[in-house]
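First comes the structure, then the notes that go with it.
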Amino acid sequence: MSRENSYHSLAGKPVIVTGGAAGIGKAMALAFARHGAHVGIVDRDSKGADAVRDAILAAGGTAAAASSDVADIPALTAAIAALRQQLGRIQILINNAGHDERHDFETMTPDYWDDRMAVNLRHLAFAAQAVTPDMKQSGGGTIINLGSTSWMQGAAGLIAYGTAKAAIGGFTQCLSRDLGPHGIRVMCIAPGRTLTERSQALANDPAYVSETLGRQAVQQLVTPDDIARLALWLASDDARIMSGQTIIADGGHIQR
Ligand SMILES: NC(=O)c1ccc[n+]([C@@H]2O[C@H](COP(=O)([O-])OP(=O)(O)OC[C@H]3O[C@@H](n4cnc5c(N)ncnc54)[C@H](O)[C@@H]3O)[C@@H](O)[C@H]2O)c1
């Protein structure tokens with residue numbers, strides 16, 4: 001792994017990462033902790049969230065975990081309130097939780113559609129709403145939403161997921177306008193294919209590796225830590241003029 005920059009402006013800042021028990025969210029939680037941020041993890045996987053919290057504490061960092069399904073808005077806001085009590089006023093929010101379950105368009109039901117919106121879109125708005133008073137009181141803050149390149153490439157079997165992820169770009173742009181006067185920046189990171197624990201086995205599949213690298217300019221598979229390092233910069237004071245945008249982090253997708 002390449003050498004990492006230090007973002008001193010993140011030290012001591014309370015940050016909440018939804019879906020922080022695994023994958024990109026876990027990498028985010030560990031990366032912010034490495035920079036001295038005080039990390040709150042929200043995840044429905046309480047064992048996984050506790051394990052990430054314990055790893056941060058064992059390394060001398062500050063962390064807390066709360067179990068919640070982000071689709072349950074009262075439970076999500078209660079989890080954020082509990083973490084705030086332990087960590088202080090929230091200054092950074094990483095809206096990361098999501099799930100890219102494949103689905104068949106022709107048999108999809110209205111309930112399934114609503115469920116996908118609840119898991120991939122709705123919670124971002126209410127987590128942001130829950131931390132806005134803290135950020136206003138602190139004179140500013142950063143909200144980073146996780147989008148995806150899947151809809152940009154018309155990925156198959158992901159109609160509801162892709163629709164939710166496309167909407168996150170609009171949510172980011174509109175929210176940045178409303179919160180900008182309070183010093184709150186809102187950004188979206190759209191990762192390309194990123195190997196997480198869930199998909200790590202694919203790294204040993206030559207067909208997957210060659211197909212993935214064949215569509216990238218950068219000849220390295222994208223890792224959760226690559227996405228986390230972008231989030232560090234976006235949340236730091238170095239990115240003070242960045243807001244409202246979607247940044248694509250996909251190794252440079254090549255149309256063939
Ligand atoms: N990995 C990729 O290739 C990729 C590409 C583009 C976008 N993304 C986006 O990045 C984000 C993270 O993806 P990942 O690949 O790390 O996923 P992952 O499945 O590896 O981890 C997701 C984490 O979120 C938690 N989570 C999922 N649904 C939840 C819910 N309803 N309530 C609470 N916690 C929940 C899981 O328990 C898990 O800890 C997602 O928003 C995803 O859509 C991922």
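Only a predicted model underlies this, so the values are computations on that prediction, with no experimental measurement involved. For ligands, and for the atoms within them, numbers begin at 1 and follow the listed sequence.
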#### Entry: Heavy-atom gap Lys26 to ligand 1 smaller than 4.0 Å
no
### Under 3.5 Å donor-acceptor, Thr194 side chain and Pro191 backbone
no
### Task
For atom 6 (C) of ligand 1, grab the closest protein heavy atom and report residue, atom and distance to one decimal in Å.
Pro191 O, 3.2 Å
### Message
My understanding is that we take every heavy atom of each candidate and find the minimum distance to atom 21 (O) of ligand 1. Doing that for Gly20, Ala79, Ala21, Ala22, which one comes out nearest?
### Response
Ala22
### Message
Any atom of ligand 1 sitting under 4.0 Å from a heavy atom of Gly192?
### Response
yes
### Task
Compare Asp100, Asn96, Leu146 and give the one whose heavy atom is closest to atom 41 (O) of ligand 1.
Asn96
#### Entry: Within-shell test, Pro224 vs ligand 1, heavy atom, strictly < 4.0 Å
no
### Query
Which of the atoms of ligand 1 are close to Tyr161, meaning less than 4.0 Å from one of its heavy atoms?
7 (C), 8 (N), 42 (C), 43 (O)
### Task
Report yes or no: do Ile144 and Phe171 belong to one cluster of Ile/Leu/Val/Met/Phe/Trp/Tyr joined by side chain heavy-atom distances under 4.5 Å?
no
### Task
Give a yes or no on whether Gln219 atom CD has more than 12 heavy-atom contacts from other residues, nucleotides or ligands under 6.0 Å away.
yes
### Query
Does Ala71 reach ligand 1 with a nitrogen or oxygen that is under 3.5 Å from one of the ligand's nitrogen or oxygen atoms?
no
### Task
State the atoms of ligand 1, each with its element, that fall below the 4.0 Å cut-off from a heavy-atom position in Lys165.
40 (C), 41 (O), 42 (C), 43 (O)
#### Entry: Under 4.0 Å to a heavy atom of Gly147 - the qualifying atoms of ligand 1, by number
7 (C), 9 (C)
### Query
What is the nearest protein non-hydrogen atom to atom 3 (O) of ligand 1, stated with its residue, atom name and distance?
Thr194 N, 2.8 Å
### Within 6.0 Å of NZ in Lys13, more than 12 heavy atoms from elsewhere
yes
### Query
Does some non-hydrogen atom of Asp43 fall short of 4.0 Å from ligand 1?
yes
### Query
Between Asp50 and Arg53, does at least one N-O distance fall below 4.0 Å, as a salt bridge requires?
yes
### Summary
In short, Ala21 meets Ala49 closest at the heavy-atom pair CB-N, 3.4 Å
### Message
Side chains of Thr172 and Asn145 only: does a donor on one sit below 3.5 Å from an acceptor on the other?
### Response
yes
### Query
Would you call Asp100 and Arg198 a salt bridge, taking side-chain N to carboxylate O under 4.0 Å as the test?
yes
### Task
Give the contacting part of Ser68 toward ligand 1: side chain, backbone, both or neither, where contact means a heavy-atom distance below 4.0 Å.
backbone
### Counterpart residues, salt bridge (charged side-chain N to carboxylate O under 4.0 Å, His left out), relative to Arg193 (two or more places apart)
Glu211
### Task
Find all atoms of ligand 1 within a distance of less than 4.0 Å from any non-hydrogen atom belonging to Gly98, and give their numbers and elements.
27 (C), 41 (O)
### Query
Should the pair Arg122-Asp72 be classified as a salt bridge under the 4.0 Å nitrogen-to-oxygen rule?
no
### Task
May I ask you to list the atoms of ligand 1 that are less than 4.0 angstrom from any heavy atom of Arg193?
3 (O)
#### Entry: Worked check of salt bridge (Lys or Arg N to Asp or Glu O under 4.0 Å) between Asp54 and Lys47
CA-CA 10 Å; Asp54 292 347; Lys47 253 173 96 175; over 6 Å; no
### Query
Is Thr196 touching ligand 1 with its side chain, its backbone, both, or neither, if touching means heavy atoms under 4.0 Å apart?
side chain
### Query
Does the N or O separation between Arg198 and ligand 1 drop below 3.5 Å for any pair?
yes
